[in-house]
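Counting convention: from 1, in listed order, for ligands and their atoms alike.
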Amino acid sequence: MMRTFTLLSGDQIPAIGLGTWKSSEAEVGQAVKMALASGYQHIDCAAIYLNEGVIGQTLEESIKNKVISREKLWVTSKLWNSYHAPEDVEPALKESLGHLRLDYLDLYLIHWPVAFKRKIGLNIPETGEDFLSLDAIPLADTWQAMEALVDKGLVKNIGVSNFSISKLQMLLKQSKYKPAVNQVECHPYLAQTELMSFCREQGIHVTAYSPLGSGDRPDMLKKTDEPSLLQNPVIVEIAKTHRATPAQILIAWQVVRKNSVIPKSIHEKRIKENLAAQDIQLSEEDLKRINALDKNYRFLDGSFWEMKHSPYKAESFWD
Ligand code: NDP
Ligand code: 1BO
């Protein structure tokens with residue numbers, strides 16, 4: 001049985017989903033196919049991952065072959081930073097829907113609280129001049145356009161990603177619909193305890209991204225001497241006592257905290273192993289030891305949005 005969590009709308013988000021960032025077009029179709037055949041019901045996508053077309057072909061085939069029904073399937077996608085202007089939101093969603101070959105999304109997220117000029121498209125700016133400040137395009141305006149997608153039946157739930165408590169507070173003051181989800185980096189080195197407790201009070205569900213430490217990120221997004229989660233001695237030791245893998249312990253820790261979690265893999269053995277983690281029962285002692293690893297360490301720290309003339313500063317990004 002797939003574990004699920006209930007969102008404000010009453011919809012059930014499956015606890016474990018397949019991440020698809022960095023899965024190439026050549027790899028992602030097979031990964032999604034294997035995941036659905038292994039019992040996954042939740043696929044995490046984004047326009048900027050540049051692979052939604054292949055994912056869409058696989059979803060269509062899998063629904064046609066009755067591997068999964070559309071009703072059981074949960075598909076999340078994300079609005080890229082170049083399309084925050086309210087008039088760009090619906091066209092951006094429709095582009096994703098077209099690629100994914102779906103009539104509606106289960107969840108659509110504002111990918112980052114960062115805006116680019118439209119001309120950047122599905123890319124990353126090369127100079128600070130390509131950014132727009134949040135005064136130029138307030139997040140509340142983008143959110144209003146996201147709300148309209150719900151009213152039109154194009155998406156079942158809307159949410160945000162990489163939002164801090166203060167950004168959520170600002171949005172909550174001005175929203176008709178609360179964000180259903182905040183998708184954020186979360187793992188034992190970044191437990192996000194305060195953010196999780198704020199979200200819980202507000203009924204906002206948390207999805208944990210990069211739960212295994214995102215080891216396959218491009219070098220430009222990496223620091224030297226990054227700590228390893230998969231080789232952390234506490235995680236490795238707990239894994240041994242459960243006859244599990246370190247990845248499974250990291251995933252089980254999210255599920256026990258009632259966060260959905262979206263590990264990325266393109267390998268069948270790992271895809272299956274990651275899903276099976278939902279059945280691991282961590283003890284109080286295990287949880288105590290894992291919780292003690294928190295050191296507010298981000299693998300994706302937002303420093304890539306800081307460049308000369310960019311309005312975004314790494315030091316205040318998460319305030
Ligand atoms: P993850 O933490 O999921 O790590 C992925 C890496 O772990 C890959 O190298 C993968 O290799 C490896 N891996 C997967 N399973 C196992 C296993 N069982 N044992 C050992 N290694 C394993 O990183 P991501 O950054 O990809 O995060 C997951 C997903 O979250 C993304 O794919 C994306 O969908 C989402 N995300 C969202 C963001 C946002 O801004 N909203 C930001 C970052 C991620 P291999 O594929 O070779 O198996
Ligand atoms: C800049 C990284 C986005 C991954 O979701």
Side-chain angles (χ1 to χ4, degrees), residues 16-24 26-28 30-32 34-35 38 40 42-52 55 74-82 107-114 116 120 122-125 159-163 179 181-190 192 206-218 220-222 226-232 235-236 239 244-254 259-277 280 298-306 312 317-318:
I16 297 177
L18 181 74
T20 62
W21 179 35
K22 307 170 265 70
S23 300
S24 70
E27 300 159 340
V28 78
Q30 194 57 16
V32 171
M34 290 183 301
S38 311
Y40 280 72
H42 174 175
I43 311 293
D44 183 76
C45 312
I48 190 62
Y49 302 162
L50 302 177
N51 54 13
E52 289 191 325
I55 296 175
W74 184 279
V75 182
T76 298
S77 184
K78 312 185 192 94
L79 175 75
W80 188 233
N81 307 351
S82 311
L107 178 62
Y108 197 42
L109 306 176
I110 297 181
H111 204 147
W112 286 87
V114 170
F116 304 157
I120 299 306
L122 290 174
N123 286 299
I124 307 270
V160 294
S161 177
N162 297 299
F163 271 47
V181 168
N182 188 15
Q183 185 181 116
V184 291
E185 180 178 337
C186 186
H187 43 69
Y189 296 153
L190 182 69
Q192 300 275 27
V206 171
T207 298
Y209 78 60
S210 302
L212 311 179
S214 195
D216 58 347
R217 267 166 306 138
M220 61 171 283
L221 297 180
K222 279 190 174 166
E226 291 195 336
S228 165
L229 277 166
L230 290 166
Q231 289 170 26
N232 177 283
I235 302 294
V236 170
T245 66
Q248 287 183 311
I249 299 303
L250 295 168
I251 295 166
W253 180 73
Q254 299 292 352
N259 292 338
S260 53
V261 53
I262 46 176
K264 171 263 173 189
S265 181
I266 51 163
H267 294 104
E268 186 168 19
K269 182 174 167 292
R270 289 174 171 179
I271 289 172
K272 288 185 171 164
E273 164 186 325
N274 294 348
L275 183 64
I280 294 173
R298 291 180 191 274
F299 291 101
L300 284 171
D301 64 3
S303 57
F304 35 86
W305 304 135
E306 176 171 328
Y312 303 94
F317 193 80
W318 303 103

Using heavy atoms and a threshold below 4.0 Å, how should the contact between [X] and ligand 1 be classified: side chain, backbone, both, or neither?
X    : answer
V184 : neither
P246 : neither
A247 : side chain
R217 : neither
S214 : both

Polar contact flag for [X] and ligand 1 (N/O pairs, less than 3.5 Å):
X    : result
I266 : yes
G213 : yes
T245 : no
L230 : no

**Report entry** Evaluation steps, side chain to side chain contact (heavy atoms under 4.5 Å, CB included), between Q183 and D44
**Finding:** CA-CA 10 Å; Q183 185 181 116; D44 183 76; 2.9 Å; yes
Give me the nearest non-hydrogen protein atom to [atom] as residue plus atom name, then the distance to 0.1 Å.
atom                    : value
atom 31 (C) of ligand 1 : W21 CB, 3.6 Å
atom 2 (C) of ligand 2  : W21 CZ2, 3.7 Å
atom 15 (N) of ligand 1 : N274 ND2, 3.1 Å
atom 41 (N) of ligand 1 : S161 OG, 2.8 Å
atom 2 (O) of ligand 1  : L212 N, 2.7 Å
atom 26 (O) of ligand 1 : K22 NZ, 2.7 Å
atom 48 (O) of ligand 1 : S265 OG, 2.6 Å
atom 6 (C) of ligand 1  : D216 OD1, 3.8 Å
atom 34 (O) of ligand 1 : D44 OD2, 2.7 Å

A side-chain contact here means heavy atoms from C-beta on lying under 4.5 Å apart; do [X] and [Y] qualify?
X    : Y    : value
Y209 : F299 : no
I249 : V236 : no
E306 : Y312 : no

Minimal non-hydrogen separation, [X] against [Y], with atom names:
X    : Y    : value
F317 : P113 : CZ-CG, 4.1 Å
H187 : P211 : CB-O, 3.7 Å
I16  : L275 : CD1-O, 3.7 Å

May I ask you to list the atoms of ligand 1 that are less than 4.0 angstrom from any heavy atom of [X]?
X    : answer
P211 : 2 (O), 3 (O)
W112 : 40 (O)
H111 : 39 (C), 40 (O), 41 (N)
P263 : 3 (O)
Q183 : 35 (C), 36 (N), 37 (C), 38 (C), 39 (C), 41 (N)

Report task. Sort out for me which residue in K264, K78, K22 forms a side-chain hydrogen bond (donor to acceptor under 3.5 Å, both in side chains) with Y49. Result ->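 Passing option: K78.
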Query raised in the report: Does R270 reach the main-chain N or O of H267 with its side chain, forming a donor-acceptor pair under 3.5 Å?
Result: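 Such a contact is absent between R270 side chain and H267 backbone.
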For [atom], which of [options] has the closest heavy atom?
atom                    : options               : result
atom 16 (C) of ligand 1 : R270, K269, E27, K272 : R270
atom 33 (C) of ligand 1 : F299, Y49, Y209       : Y49
atom 29 (C) of ligand 1 : L250, L300, I262      : I262
atom 10 (C) of ligand 1 : K264, E185, E273, K78 : K264

Query - Partner residues of T245 under the side-chain hydrogen bond (donor to acceptor under 3.5 Å, both in side chains) criterion, sequence neighbours left out - result: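 T245 satisfies side-chain hydrogen bond (donor to acceptor under 3.5 Å, both in side chains) with E273 once adjacent residues are dropped.
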For [X] and [Y], does a side-chain donor sit closer than 3.5 Å to a side-chain acceptor?
X    : Y    : answer
N232 : Y189 : yes
Y40  : N274 : no
Q192 : N259 : no

Requested in this report: Could you tell me whether W112 and F304 have their ring centroids closer than 6.0 angstrom?
Outcome: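 Between F304 and W112, which both carry aromatic rings, the centre distance is below 6.0 Å.
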Query raised in the report: Atom SG of C45 and atom CG of L18: how far apart are they, to the nearest 0.5 Å?
Result: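 Interatomic distance, C45 SG to L18 CG, rounded to 0.5 Å: 8.5 Å.
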Query raised in the report: In Å and rounded to the nearest 0.5 Å, what is the NE2 to CD1 distance from H42 to I262?
Result: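 Rounded to the nearest 0.5 Å, the NE2-CD1 separation comes out at 6.0 Å.
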**Report entry** Residue portion contacting ligand 2 (non-hydrogen atoms closer than 4.0 Å) for H111
**Finding:**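 The side chain, only.
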**Report entry** Residue portion contacting ligand 2 (non-hydrogen atoms closer than 4.0 Å) for Y49
**Finding:**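 The part of Y49 near ligand 2 is the side chain, not the backbone.
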Report task. Going by the side chain to side chain contact (heavy atoms under 4.5 Å, CB included) test, name the single residue among I120, N81, V114 that passes it with P125. Result ->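 One option only clears the test, and that one is I120.
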